[in-house]
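Heads up, the thing below is written out as structure tokens.
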There are 2 protein chains.
Amino acid sequence: MATRLRSPRVINPSKQQSVVPISDAAPDAHTLYEVLRDGLIWGRWKPGEKLKPQHLKDELGCKSAALREALIRLAGEGFVDSELNQGFRAVAHSKETFQEAVHMRWVLECEAVRMALKNGGFEWEMAVSAAHKKLVFVEERMKAADDVTPFLKHWSRQDWEFHNTVLSACRSTLLLRSYKTAYDTFRMYAVSSLPTYGFGGDNNITEHNAIYEAAIQHDEAACIEAILCHLPLSDDATLSAGAG
Amino acid sequence: MATRLRSPRVINPSKQQSVVPISDAAPDAHTLYEVLRDGLIWGRWKPGEKLKPQHLKDELGCKSAALREALIRLAGEGFVDSELNQGFRAVAHSKETFQEAVHMRWVLECEAVRMALKNGGFEWEMAVSAAHKKLVFVEERMKAADDVTPFLKHWSRQDWEFHNTVLSACRSTLLLRSYKTAYDTFRMYAVSSLPTYGFGGDNNITEHNAIYEAAIQHDEAACIEAILCHLPLSDDATLSAGAG
DNA sequence: ATCGGTAATAATTTCGAAATTATTTAACTA
DNA sequence: TAGTTAAATAATTTCGAAATTATTACCGAT
């Protein structure tokens, strides 16, 4: 067998990867997706605002291709509107879309909690307990504070962590994915249109506690009742709830 | 004010749009998305199969950018798996993911039908009636036929149209979007793993008829009972259903 | 002065090639 | 001959610029 002729591999020194991570490297598509999703939920871009690739490129220090990829994903999830040759813009909400999100939360949360209470073991109970403790911590501080504003973002994040942890034992990734979309749609509206992101003062503490206690005791009826009280369902949806 | 100097617009004749649409033009991202989604559901690509841009480019006659855009959207929806630098592949199913899809269908379909029966007017009743008629037409033919194979795709499409039409009056786009994802996940598994795409012979006709009659009469309890019978829920999920 | 049309400008989308990363193949060693 | 290493190849991702499309500003006419 004839020996093959091979030239040695040439490595361009300027392209060699640095040992120290370069902090100002352009973020990849997945990171951008997270940044944009977070920004849309937390009001960095207002509902209906145009998301111009050229401006965002400067603002986020990224390349247009990665940006476009992230925006396409967000459009698929419904957090961004896109029309052909008209670019992207943050979705605009209405009371109706908010009610849809609340309703979806109610439907999915009730079903998921039923399954979670059946499947959840000791590990789950610990996780729920921890998430509740953190949420209570924030809510107690807010109760004592004159101005709740600086706590709102922390609170909202803990609210998500608590609800998500409770449902995490339901063993349906499909359900949890839909729930996340509904929850984030809910939150997006709350951030932009409700005075305190939907924080309801003392009631919240009581409601979350009721959900927590019922969950830990695996009391299905009590847990679902507590969730029903907790969500700001319209009368319309509540009627439907009665049938459930 | 000084007159501005302007050169006449030059149009490259070769780039001028033809009056007759060119059939072999490269499909845009949205069309590709539909083609790929359809192909994934109907088994054009097998579960777990790698979706290589280079091959697909030839197969579908498209450009790589449009293809990538479509694949990104499908990945976001969960019909395609993507890992960094490892390309895309059709999702692989299991009995568990199928059961999740069935369960999601049950949860969402029951809730949507409750709302639809409240909101649906005459127009909706006509649409439901028409969709049912078409479905029955296919199912009667299948009943008479020795081999149902050639009807399966028609049947599956009409099954979707019927269920979707029934739910269409629910007035929640968020719910309908989640339902579509669940239904298509269900169908994807059925096409690849169930002998007759989930078609159950005479039972199907009876079940669809029960749903139809209950819907037209706005009989909520009967409609939900009929849906429960219709969906291939596991015992696990059925227990949960009893609590609903 | 307002309306309609046309050119200039700005923005978005598309595209092909370069750069990066993974996979396969071949050579070498034990 | 099996196991190891590195090159060659193949595939994927990135990128910047070209092409397309929308928007804005200007001129002329009614």
Side-chain angles (χ1 to χ4, degrees), chain A residues 1-18 21-22 25-33 36 45 49-76 80-90, chain B residues 1-18 21-22 24-33 36 45 49-75 80-90:
Chain A
M1 203 183 289
T3 52
R4 214 167 33 157
L5 208 65
R6 300 199 280 202
S7 51
R9 171 172 286 189
V10 178
I11 298 171
N12 182 344
S14 70
K15 294 292 173 60
Q16 281 186 67
Q17 200 169 283
S18 168
I22 298 164
D28 61 21
H30 191 266
T31 307
L32 266 178
Y33 166 81
L36 286 167
W45 297 282
E49 183 177 345
K50 214 150 195 303
L51 303 168
K52 300 188 181 181
Q54 286 201 326
H55 296 173
L56 289 175
K57 244 175 60 177
D58 299 340
E59 190 176 342
L60 305 173
C62 62
K63 309 292 180 179
S64 54
L67 183 58
R68 189 175 172 76
E69 185 170 324
L71 286 169
I72 288 165
R73 280 196 60 186
L74 288 164
V80 159
D81 279 338
S82 77
E83 234 166 319
L84 188 64
N85 294 330
Q86 306 219 120
F88 301 91
R89 55 177 68 235
Chain B
M1 203 183 286
T3 51
R4 219 165 29 158
L5 209 67
R6 303 196 277 203
S7 51
R9 172 172 286 187
V10 177
I11 298 170
N12 182 344
S14 70
K15 295 290 173 62
Q16 281 186 66
Q17 202 169 280
S18 168
I22 298 163
D24 58 327
D28 61 22
H30 192 264
T31 307
L32 266 177
Y33 166 82
L36 285 167
W45 298 282
E49 182 178 347
K50 215 150 193 303
L51 303 168
K52 299 187 183 183
Q54 286 201 325
H55 296 174
L56 290 176
K57 244 175 59 176
D58 299 340
E59 189 176 343
L60 305 172
C62 63
K63 310 291 179 175
S64 53
L67 184 58
R68 189 174 173 75
E69 186 171 323
L71 287 168
I72 288 165
R73 279 196 61 185
L74 289 164
V80 158
D81 279 339
S82 77
E83 233 166 320
L84 188 63
N85 293 331
Q86 306 218 124
F88 301 91
R89 56 177 65 235

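Every chain is numbered from 1 and lettered A, B, ... according to where its sequence line falls, protein lines coming before strand lines. Here the structure is a predicted model, which is why all the values come from computation and not from measurement.
Legend: residues meeting side chain to side chain donor-acceptor pair (under 3.5 Å) with B:R68, ordered by chain and number and at least two apart, are A:E69. Scanning for side chain to side chain donor-acceptor pair (under 3.5 Å) contacts around A:S64 gives an empty result, with sequence neighbours left out. Residues meeting the side chain to side chain donor-acceptor pair (under 3.5 Å) test with A:S82, sequence neighbours left out: none. Under the side chain to side chain contact (heavy atoms under 4.5 Å, CB included) criterion, A:A70 pairs with A:L32, A:Y33, A:L36, not counting sequence neighbours. Residues forming a salt bridge (Lys or Arg N to Asp or Glu O under 4.0 Å) with B:E59 (at least two apart in sequence, or on another chain): B:R44.
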**Complete:** B/S/- along nucleotides 10-16 of chain C (protein heavy atoms under 4.0 Å) is -SBSSB-
